[in-house]
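These notes concern the structure reproduced below.
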Amino acid sequence: MLVRHAIFPVAGLGTRFLPATKALPKEMLPIVDKPLVQYAVEEAYAAGIRQMIFVTGRHKRAIEDHFDLTFELEDALEKSNKADLLALVRAVKPDDMDCVFVRQPKALGLGHAVLCGRHVVGDHPFAVLLPDDLMIGTPPVLAQMVAQFEAKRASIIAVQEVPAEHTRRYGIVAGNAAGERLVDITRIVEKPAAEVAPSRLGVAGRYVLTPRVFDEIANQTRGVGGEIQLTDGIAGLLKHEKVFAYRYDGKRYDCGSKEGFLQANVELALASPELGPEFRAWLKALKI
Ligand code: UTP
């Protein structure tokens, strides 16, 4: 197993969800009954990763507490024989999973956040998961990417086609087809306007990267929006190594936006065996 570490950058300000995110990290917003960050951690765990590195900002507590032991709660559930709920709570952090919290002192950008995890990752390949991109796939999207990483021994970046008018929201890659789902990247640019975008392949919030990218991020000056961009670090990496874009098999919900967050809640509630049937009936009765 090559990829053992995952970095979760969770230090952004979450301004699009104010006031909900005034005192709560947006990664703790729930989709149905689970916080966004837990979906991402479960995806990393399913890909064989056991060391989870959270790069946090001023809202450290809630995420740290979520992945900690909750003695009083577990004790109360045990005493009241609520075995199902107890199992649910304990499953949040399996015994073989390790959580490390690293502080990003200032929100200087995604590249900078990733760099904050460097001393924990060391000289090993690692995954980056942005929890506000909720990815649903079978097998889970990161597991698909780790398999590609193991086959190619090169960095793998998740992409999907985006509408021309949305290229400004994404890192955009261009390159040569290298199989059914892979593109051998020749260029990557952060948030280009539609007129200058080199393609419509937009980067989603999942990466498997070689450690050389840390040096490349460290060498960057501030990019788009005055931030240290991960995209610019990957552009630097391209000068030394192959990097592949991977068209994942699955569905992405952009839960950093209100629309995507609401869509994820509705679709996952409909898919829930417990809630789905009644929720569907209720939605139909709305006659919208
Ligand atoms: P976003 O671009 O979504 O920014 O960051 P944001 O601040 O979280 O949210 P808005 O736009 O103000 O609503 C993408 C990811 O990068 C992390 C965020 O936590 C999110 O997971 N990030 C961004 C950091 O960890 N540090 C940063 O300096 C910037």
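Just so you know, ligand 1 is whichever comes first in the structure, and atom 1 is the first atom listed for that ligand. Computed from heavy atoms alone, side chains included, the values below leave out hydrogens, waters and symmetry copies. Residue indices begin at 1 and follow the sequence shown.
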- Query: Which ILVMFWY residues are connected to Leu86, directly or by a chain of links, through side-chain heavy atoms under 4.5 Å apart?
  - Reply: Leu73, Leu77, Leu85, Leu88, Val89

- Message: Going by ring-ring contact (aromatic ring centres under 6.0 Å, His included), name the residues that satisfy it together with Phe261, two or more places apart in sequence or in a different chain.
- Response: Phe17

- Task: List for me each residue that meets side-chain hydrogen bond (donor to acceptor under 3.5 Å, both in side chains) alongside Gln229, sequence neighbours excluded, and say none if there are none.
- Result: none

- Item | Within the 6.0 Å centroid threshold, strictly below: Phe67 and Phe54 | yes

- Item | Tyr207 side chain to Ser155 backbone, donor-acceptor under 3.5 Å | no

- Those residues with a heavy-atom separation under 4.0 Å from ligand 1 are Pro9, Val10, Ala11, Gly12, Leu13, Gly14, Thr15, Arg16, Lys26, Glu27, Gln104, Ala107, Leu108, Gly109, Leu110, Ala113, Asp132

- Can the ring centroids of Phe126 and Phe214 be said to lie less than 6.0 angstrom from one another? yes

